[in-house]
Amino acid sequence: MIIKKNYVKELTWRGMLQDIMPGTEDLLNKGMTTGYIGFDPTADSLGVGNLVQIMSLLHFQRCGHRPIALIGGATGMVGDPSGKSAERNLLDENTLNHNLNAQKAQLEKFLNFDCGANSAAIVNNYDWFKDFTFLDFIRDVGKHLTVNYMMAKDSVKSRLESGMSFTEFSYQLVQGYDFYYLWKNHGVMLQMGGSDQWGNIVTGTELIRRKAGGEAFALTTPLIKKADGTKFGKTEGGNIWLDPKRTSPYKFYQFWLNAADADVSNYIRIFSVKEREEIEVLEAEHSAAPHLRLLQKALAEEITIRVHDEDSLTQAKAASVALFGNSIDGLLDLPQATFSEVADSITQFEITASALTQGINIMDLLASSTNICKSKSDAKRAIEQGGISINKEKISDVNLIINTSSIIKGIYILLQSGKKNYYSIKITAA
RNA sequence: GGGGAGAUUCCAGAGCGGUCAAAUGGGACGGACUGUAAAUCCGUUACUUCGGUUUCGAAGGUUCAAAUCCUUCUCUCCCCA
């Protein structure tokens with residue numbers, strides 16, 4: 001396998017390189033290298049926060065190297081103290097397995113597992129830890145690193161005051177052994193990860209050096225920050241997930257479309273596989289006509305296809321265009337099937353036809369029949385402030401009774417709270 | 001073990017017997033402006049059948065009246081040993 005691109009240079013211009021161990025670039029330029037990144041199965045879906053790691057594996061593979069995604073079935077049982085201020089709760093084995101399988105399925109969508117020598121692979125560290133006894137571990141692994149060395153890590157030092165269990169203290173050894181194991185058995189020479197993983201990764205290279213006299217390398221990606229200083233990957237509604245059941249493709253698409261100008265250039269370098277020249281052209285076009293949001297659209301389209309699929313993207317775009325149009329007419333003109341898709345892609349609630357025939361007070365509709373507002377007081381406030389629209393028409397009467405006359409397209413009512421939050425109410429029989 | 005300080009609405013943090021659903025700041029939400037951007041400005045931020053109702057670590061008590069006073073309890077922080 002010929003190296004297609006200089007991975008380090010690639011990461012550098014994409015703004016994805018934080019720290020790198022000396023010699024890493026030479027290693028990568030010498031020939032196909034196997035590298036891995038670990039994922040923590042704390043939830044049954046990966047979120048956009050994990051996307052940076054996934055993309056570094058993807059870029060890695062596109063440069064001609066062989067990526068391995070490690071899912072932490074074993075490390076997940078211990079709990080990584082990095083960046084955590086308090087002891088973590090342990091997940092039970094069933095949850096862990098469920099999460100692990102779900103994440104595995106998501107990772108499989110990104111990497112190519114059938115492209116010859118640099119085909120990707122997924123491994124689970126539980127496989128080599130399940131039969132590793134405690135005594136063997138402390139003799140074979142623990143013996144090589146001193147407590148002094150382990151205590152010097154930031155992840156440990158920062159917890160010395162508040163306390164940390166032996167379990168979490170041991171975490172770096174467990175992760176360090178992963179690297180050793182993969183180095184020895186799978187020819188893995190490089191571990192990557194977020195900058196908070198540097199300490200854990202280095203424990204791995206150190207273990208390889210001391211235990212086997214071998215050499216291994218490391219690089220980390222920076223933590224993504226938004227221009228306004230808030231955390232990347234979260235919105236009012238919470239985390240943005242890759243799982244369509246948790247975050248619909250429409251919301252996923254909207255998340256990227258809403259990226260601020262100040263952030264979008266960074267994002268597109270990280271989350272798209274477009275080449276530098278192409279991105280720079282887009283940026284030029286964007287600054288010439290920022291209101292067209294070409295960068296945001298290009299970014300949103302590419303990621304939505306990669307994470308979901310072409311159909312989901314088409315639907316998300318159709319829904320976005322229809323909902324953000326100026327009047328209800330654009331929506332009413334849609335064919336019934338398309339309209340239904342739009343209604344289904346946004347958050348949907350159901351109410352019965354009979355309830356609607358009797359008439360429902362708008363505040364009950366917002367706070368009781370649905371959870372668009374968290375209480376009636378909240379609903380009242382929203383209406384008084386002009387934040388609620390029905391079928392794109394702003395309402396001002398808090399005592400408004402909603403009945404069948406609000407139905408559009410046969411079985412729907414379109415509710416909007418604020419500028420961007422759309423909900424559809426589906427009228428069900430009886 | 002001894003001595004001190006504290007626990008207030010999402011967070012930080014005022015309040016020191018009635019004028020407190022509780023200052024101020026942050027966050028969040030809504031509106032205006034725009035490009036579904038940023039910045040800015042304005043408003044809102046316990047629940048309610050709009051009569052009231054339940055909140056200030058927990059449980060009691062004093063009082064016409066308590067976040068504010070007393071008792072006990074729980075937890076947190078600091079100083080000395």
Side-chain angles (χ1 to χ4, degrees), chain A residues 85-87 160-163 225-240 247-268 282-301 303-304 313 315-328 330-331 342 345-347 359-390 392-401 414-423:
Chain A
S85 53
E87 184 79 17
L160 246 35
E161 283 287 320
S162 57
K225 283 195 285 275
K226 292 206 290 186
D228 61 8
T230 55
K231 202 174 175 202
F232 168 78
K234 295 229 158 107
T235 59
E236 323 81 78
N239 246 330
I240 299 294
T247 301
S248 72
Y250 164 79
K251 288 200 181 114
F252 188 82
Y253 176 80
Q254 282 286 324
F255 169 77
W256 297 103
L257 192 67
N258 274 300
D261 287 9
D263 293 317
V264 72
S265 283
N266 298 334
Y267 291 176
I268 200 161
L282 274 171
E283 281 174 329
E285 288 175 18
H286 180 266
S287 50
H291 60 281
L292 295 179
R293 305 153 70 84
L294 286 174
L295 277 173
Q296 281 91 340
K297 282 178 184 159
L299 173 68
E301 285 176 14
I303 308 192
T304 307
L313 170 69
Q315 209 167 308
K317 281 170 77 176
S320 299
V321 169
L323 292 170
F324 286 91
N326 289 323
S327 72
I328 187 72
L331 278 162
V342 170
S345 60
I346 54 182
T347 305
I360 301 176
N361 179 280
I362 182 65
M363 286 197 288
D364 288 322
L365 183 66
L366 291 169
S368 304
S369 313
T370 67
N371 56 11
I372 295 171
C373 295
K374 72 175 169 43
S375 69
K376 284 188 198 174
S377 303
D378 191 36
K380 190 177 172 188
R381 253 193 307 274
I383 296 167
E384 282 170 345
Q385 295 187 132
I388 302 290
S389 297
I390 292 179
K392 300 229 50 138
E393 206 163 310
K394 231 168 226 185
I395 56 167
S396 52
D397 180 6
V398 291
N399 294 313
L400 189 69
I401 303 297
L414 182 71
L415 265 162
Q416 183 181 353
S417 109
K419 251 180 298 205
K420 305 179 195 173
N421 307 309
Y422 289 94
Y423 305 89

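Residue numbers begin at 1 in each chain, while the letters A, B, ... track the order of the sequences.
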Residue list, side-chain hydrogen bond (donor to acceptor under 3.5 Å, both in side chains) with [X], at least two apart or on another chain:
{"X": "A:Ser265", "value": "A:Glu283"}
{"X": "A:Lys420", "value": "A:Asn258"}
{"X": "A:Lys297", "value": "none"}
{"X": "A:Ser369", "value": "none"}

Under a 3.5 Å limit for both distances, which nucleotide forms a Watson-Crick or G-U wobble pair with [N], could you say?
{"N": "B:rA67", "value": "none"}
{"N": "B:rU54", "value": "none"}
{"N": "B:rU36", "value": "none"}
{"N": "B:rC77", "value": "B:rG4"}
{"N": "B:rG43", "value": "B:rC29"}
{"N": "B:rC16", "value": "none"}

For [N] and [M], measure between their [atom1] atoms and round to the nearest Å.
{"N": "B:rG15", "M": "B:rG57", "atom1": "P", "result": "15 Å"}
{"N": "B:rC41", "M": "B:rG25", "atom1": "P", "result": "12 Å"}
{"N": "B:rG17", "M": "B:rC69", "atom1": "C1'", "result": "8 Å"}

Kindly give the atom pairs (protein nitrogen or oxygen, nucleotide nitrogen or oxygen) under 3.5 Å for nucleotides 47-49 of chain B.
residue	atom	partner	partner atom	Å
B:rC47	OP1	A:Lys374	NZ	3.3
B:rC47	OP1	A:Ser375	OG	2.9
B:rU48	OP1	A:Lys376	N	3.1
B:rU48	OP2	A:Lys376	N	3.3
B:rU48	OP2	A:Ser377	N	2.5
B:rU48	OP2	A:Ser377	OG	2.3
B:rU49	OP1	A:Lys376	NZ	3.4

Just label B:rG51 as syn or anti from its O4'-C1'-N9-C4 or O4'-C1'-N1-C2 angle, using within 90° of 0 for syn.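 Judged by the O4'-C1' to base torsion, B:rG51 sits in syn, the angle falling within 90° of 0.
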In whole Å, what is the span from the CD atom of A:Glu384 to the P atom of B:rC50?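 The answer, rounded to whole Å, is 14 Å.
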Throw together a table of side-chain donor-acceptor distances under 3.5 angstrom for residues 376-390 of chain A, partners on residues two or more places apart or in other chains.
residue	atom	partner	partner atom	Å
A:Lys376	NZ	A:Asp364	OD1	3.0
A:Asp378	OD2	A:Lys374	N	3.1

Protein-proximity profile, nucleotides 31-37 of chain B, B/S/- by nucleotide at the 4.0 Å heavy-atom cutoff, equals SSBBBBB
Could I get the full list of salt bridge (Lys or Arg N to Asp or Glu O under 4.0 Å) partners for A:Lys251, not counting sequence neighbours?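 Checked A:Lys251 against salt bridge (Lys or Arg N to Asp or Glu O under 4.0 Å); zero matches.
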Please work out whether the ring planes of A:Phe232 and A:Trp256 are parallel, tilted or perpendicular, with thresholds of 30° and 60°.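 The arrangement is tilted - the two ring planes meet at 30° to 60°.
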What residues form a ring pair (Phe, Tyr, Trp, His ring centres under 6.0 Å) with A:Tyr253, not counting sequence neighbours?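 Not a single residue meets the ring pair (Phe, Tyr, Trp, His ring centres under 6.0 Å) criterion with A:Tyr253.
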Just checking, is any N or O donor in the side chain of A:Tyr422 or A:Lys392 under 3.5 Å from an acceptor N or O on the other one?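 Distance-only check passes for A:Tyr422 and A:Lys392.
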